[in-house]
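First the proteins, then the strands, lettered A, B, ... as listed; each starts at 1.
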Amino acid sequence: MSKEKFDYFIKGDKGKYEVVIGLEVHAQVLSKSKLFSGSSTKFGADPNNQVSLIDSAFPGMLPVINEECIKQAVRTGLGLNAKINNYSVFDRKNYFYADLPQGYQISQYKHPIVGEGKVLLDMPYGSKEIGIERLHLEQDAGKSIHDMDPTNTYVDLNRSGIALMEIVSKPDLRSPDEVNAYIKKLRSIMRYLGTCDGNMQEGSLRADVNVSVRKEGDKNFGTRCEIKNVNSIKFMQMAIEYEATRQVELIENGKEIDQETRLFDTKKNETRSMRSKEDAHDYRYFPDPDLLPLKLEQKLIDELKKSLPELPDKKKERFMKEYGLNAYEANVLVSEKEISDYYEEVAKLSDKKLAATWMMGDLFAMLNDKGLDISKSPISTKHFAELVQSIKSGEISGRIAKEVFEIMLETGDNPKKIIESKGLKQQSDPKELEKMINEILSKNKDKVDQYKSGKDKLFGFFVGQVMKSSGGKANPQLTNEILKKLLKG
Amino acid sequence: MVDITNQSLNDIIENIKTKKISSTDLTKAYINNIQSAKKLNAFVTTTFDHALDKAKQFDNKPNFDQLLPGIPLAVKDLFCTENIKTTAGSNILNNFIPSYESTVTKNLWNNGSFLLGKLNCDEFAMGSSNETSYYGNVINPVGDQLVPGGSSGGSSSALAADLTPATIGTDTGGSIRQPASFTGTVGLKPTYGLCSRWGIVAFASSLDQAGPMTKTIKDCAIMLESMSGFDEKDSTSINKKKEQYSKNLKDNIKGLKIGIPKEYRVDNMPKEIDELWEKGKKILKDLGAQLIDISLPHTKYALPTYYIVAPAEASSNLARYDGVRYGYRSKQGKDLIEMYEKTRSEGFGDEVKRRILIGTYVLSSGYYDAYYLKAQKVRQLIKKDFDDSFTKIDAILTPSTPSSAFKIGEKTNDPVSMYLNDIFTVPVNLAGIPALSLPAGVDKQGYPLGLQLIGKALDEQKILNIGYAIEKNCRFKNKIKRWWL
């Protein structure tokens, strides 16, 4: 694969600017119950139907750590090649808001459960390592609904207390494309691990985006702005573009950049100041006295490590080695666990390379078209493998295969049956083909003469005639060979 | 007819078991006392109908194997009680009716007792005289001008005035032991984690502990046995086997080593306190215990440490009282911020506001290290003082308070002098260890004075035994005349 060069800079009048990005991703932990209570975490329940006395902070209620959430955080940490801290502390982050029942959020401040790690990105210009600063566990807040009533705000506490993992990257990202790759990679790792469903529409994955700019080649970071709570990759990319351009304009005009928190307005496609550094909350963090420090036994960490599934990076390597795929193909096929599972089942029953090509071509196009996940594919791995094998063995041509594929979609029948019943089998008997071609040539003597006198282009005409009279079933390779031989003579 | 209400809990239980009195008659006797003691203002809520129902149920189908068979009990209004108003002495919870029962009270009910009413206390347990309650100050039955101590002032007053056979309080910095000392009763603050905090309105989570308040040491053992125990709903609860404190109560203390800390002899301490302490030492020595002089060098830092840690936690614990979901909400307020401000201004009293401000301050960025973090370090040193001492001794003997009960209003305008009242009790909370106060004498005005026994973590049995021995030998008798009748 040809290697492109990294080229994302904001061009100003006075030079090129590099964009420096760090992300704080909030990923909802996949667990049946909340971080400190037994309430359900299921999405979409009626407002305030999944709220315990603890989530709504009644007097005398106490948090008790949900062990599964801890394990999920450790698994995620291991998936990010990160250091798992045997000792971590839950702190209270104090602030007042109507949808924050306790008046504080239980989070981790000085002693997070997971320390430094790294994530590998495959970019067109090569692979790039993004550092992870930390991962910590915290409670989600509830939801304030301002538009249901003209004078009142309604509060839904279903989300209140749900476990989130905040994954903080180092300021290693340099472009919206890298952000896209990074979020997708994180999401893929967590979905492989089963620790977060990565569903951005339901808010299971959101991010605060830190953006700064600096002149190309500068060693020091510029002043950063934090764009709060962006909930889609597209919006993150738009916000970064806007924000980086805004900062470059300020610098070029000799103005200072204020370190501040900004909001991205998705309708106007711009970021707006939310609060400046001076107005920053003083969260008055301190260790939550209702919870003892969390001490993880190495044995538990080791056990979790042993039980981890094969993750995308490892699987990619294996796909390249085992199935002879190139890096691009392997990358695409490991991006989702379900895709890789589908591929491996097909590859077991058919040609590995051809299976990859056909999956990434027609199958993906069809799924995309229908808006389906691969797990909902109307074509089973077994049928798909049969189709691939039919192409491989020369039973049908690629062109006919597309036709068969369409019929498979409509009828759900297996390809063998379709090929037989519709008589789509490729004509691959050289004698039969030669007989047919001879007939065609003798009917078009004038064209044969023209060809022989140098009109090479007419070769296509003969192929067309063969396909026409065979109903598209003539083996194209064989047809070529025979035609060439006969036209020479 | 004999007045059963001035008997000890243990004697009452005997009378119930031997069917000398029914639970219903017992309950009626207390209701009668309560109704004629309104002047003391010990109760915020009474639950007479509930109590009589439960008493009747017990009498119809008595179970004498329980620890508290058919016993009516009033409890501090800091314990959440299912379907019964729970105020924590505050206006902000004036209309709050929990849908749940605290673990500690549930334990008591599971042992055969039932609720007689909810007892007044300092607002959110912040106070040493029961003068910060929204429901008015409580009067000490010892004298009509005296405070009953705090924050469990309603508890100590009701107990000393025979309005409940025993009771429970909470102790964050002395809130059980000091009122016990002021009223001539016994009060125990257990090891942190022995009694569940689930369902108790929180003041300072790392210090709060529920404990019994009783007339005798034996009663104290019975109550502690009934209320304590592991609770998986409280992450700081200690998971250990339940002890049979009352069955194992022994007054033989021969050979025990009792530490006498020199730091507890403070300046300007009344002579009577010193004399009481000497009296306690003499009793112990006469009973064959060995007195050992010890030093707890960081004691002087305990009070300042406490008044950083406790308000810091309180400022956060009380943030939930915001008018959004339950409790008082101001009708004023144009927006969310104004609603918060008005609700909390109108809902909280001065002492609570003072501590929220102190707590918010010491946790603020720029001050955290100098105050909160340093206080936590000192707290470790205070704990280490005790740990070191307990390698050489079995228990520590000190006075419970630096004075007897003071007059209502005497200290209300001087918070620091009020805070100084907790000087002997606070170190124990910071160390998380158990201590009990038992009445051992009176001052020249005849007001009760208490001695404090401090044990190492989970050594409740030992300090109860030592207290049992002192109790038998000092023959203290509370001489409360029912002047309020």
Next item on the list: Report the residues that fulfil side-chain contact (heavy atoms from CB on, under 4.5 Å) with R262(A), sequence neighbours left out, ordered by chain and then residue number.
Entry: C225(A), E243(A), R246(A), E260(A), T271(A), S273(A)

Notebook entry, point to check: Looking just at side-chain N and O atoms, do H136(A) and E138(A) make a donor-acceptor pair shorter than 3.5 Å?
Noted result: yes

Note to self: Under the side chain to side chain contact (heavy atoms under 4.5 Å, CB included) test against M165(A), which residue among V25(A), T76(A), I113(A) passes?
What the structure shows: T76(A)

Inter-chain polar pairs, chain A versus chain B: which donor-acceptor atoms lie under 3.5 Å apart?
{"unit_1": "S56(A)", "atom_1": "O", "unit_2": "R325(B)", "atom_2": "NE", "d": "2.8"}
{"unit_1": "A57(A)", "atom_1": "O", "unit_2": "Y326(B)", "atom_2": "OH", "d": "2.5"}
{"unit_1": "F58(A)", "atom_1": "O", "unit_2": "R320(B)", "atom_2": "NH1", "d": "2.9"}
{"unit_1": "P59(A)", "atom_1": "O", "unit_2": "Y100(B)", "atom_2": "OH", "d": "2.6"}
{"unit_1": "G60(A)", "atom_1": "O", "unit_2": "G199(B)", "atom_2": "N", "d": "2.7"}
{"unit_1": "P63(A)", "atom_1": "O", "unit_2": "S235(B)", "atom_2": "OG", "d": "2.9"}
{"unit_1": "R92(A)", "atom_1": "NH1", "unit_2": "S316(B)", "atom_2": "OG", "d": "2.9"}
{"unit_1": "R92(A)", "atom_1": "NH1", "unit_2": "N317(B)", "atom_2": "OD1", "d": "2.8"}
{"unit_1": "R92(A)", "atom_1": "NH2", "unit_2": "N317(B)", "atom_2": "OD1", "d": "3.0"}
{"unit_1": "N94(A)", "atom_1": "OD1", "unit_2": "S316(B)", "atom_2": "OG", "d": "2.9"}
{"unit_1": "Y97(A)", "atom_1": "N", "unit_2": "Y340(B)", "atom_2": "OH", "d": "3.4"}
{"unit_1": "Y97(A)", "atom_1": "O", "unit_2": "Y340(B)", "atom_2": "OH", "d": "3.3"}
{"unit_1": "A98(A)", "atom_1": "N", "unit_2": "Y340(B)", "atom_2": "OH", "d": "2.9"}
{"unit_1": "P101(A)", "atom_1": "O", "unit_2": "R325(B)", "atom_2": "NH2", "d": "2.9"}
{"unit_1": "Y104(A)", "atom_1": "OH", "unit_2": "R320(B)", "atom_2": "NH2", "d": "3.1"}
{"unit_1": "D282(A)", "atom_1": "OD1", "unit_2": "S365(B)", "atom_2": "N", "d": "3.4"}
{"unit_1": "D282(A)", "atom_1": "OD2", "unit_2": "S365(B)", "atom_2": "N", "d": "2.8"}
{"unit_1": "D290(A)", "atom_1": "OD1", "unit_2": "R197(B)", "atom_2": "NH1", "d": "3.0"}
{"unit_1": "D290(A)", "atom_1": "OD1", "unit_2": "R197(B)", "atom_2": "NH2", "d": "3.2"}
{"unit_1": "D290(A)", "atom_1": "OD1", "unit_2": "S205(B)", "atom_2": "OG", "d": "3.2"}

Margin query: For V44(B) versus L119(B), what's the shortest heavy-atom pair and its separation?
Written below: CG2-C, 4.3 Å

Notebook entry, point to check: In terms of heavy-atom pairs under 4.5 Å with chain A, which of I337(B), L207(B), I200(B), V324(B) leads?
Noted result: I200(B)

Note to self: I'd like to know if E116(A) and K170(A) make a salt bridge, using a cut-off of under 4.0 Å between side-chain N and carboxylate O.
What the structure shows: yes

Notebook entry, point to check: Among I65(A), L53(A), L291(A), L100(A), which has the most heavy-atom pairs under 4.5 Å with chain B?
Noted result: L53(A)

Notebook entry, point to check: From L381(B) CG over to L430(B) CG, what is the distance, rounded to the nearest 0.5 angstrom?
Noted result: 11.5 Å

Next item on the list: Could you look at A312(B) and say if it's the side chain, the backbone, both or neither that has a heavy atom under 4.5 Å from chain A?
Entry: backbone

Next item on the list: Could you check which of L78(B), L336(B), L318(B) has the highest count of heavy-atom pairs closer than 4.5 Å to chain A?
Entry: L336(B)

Margin query: Go through it in stages, so that I can follow the logic: the residues are Q28(A) and R206(A), the test is side-chain contact (heavy atoms from CB on, under 4.5 Å), and I'd like the CA-CA distance, side-chain angles, deciding distance and then a yes or no.
Written below: CA-CA 9 Å; Q28(A) 182 179 327; R206(A) 357 196 254 270; 5.7 Å; no

Next item on the list: Find the distance between CG (D208(A)) and NZ (K228(A)) and round it off to the nearest 0.5 Å.
Entry: 4.0 Å

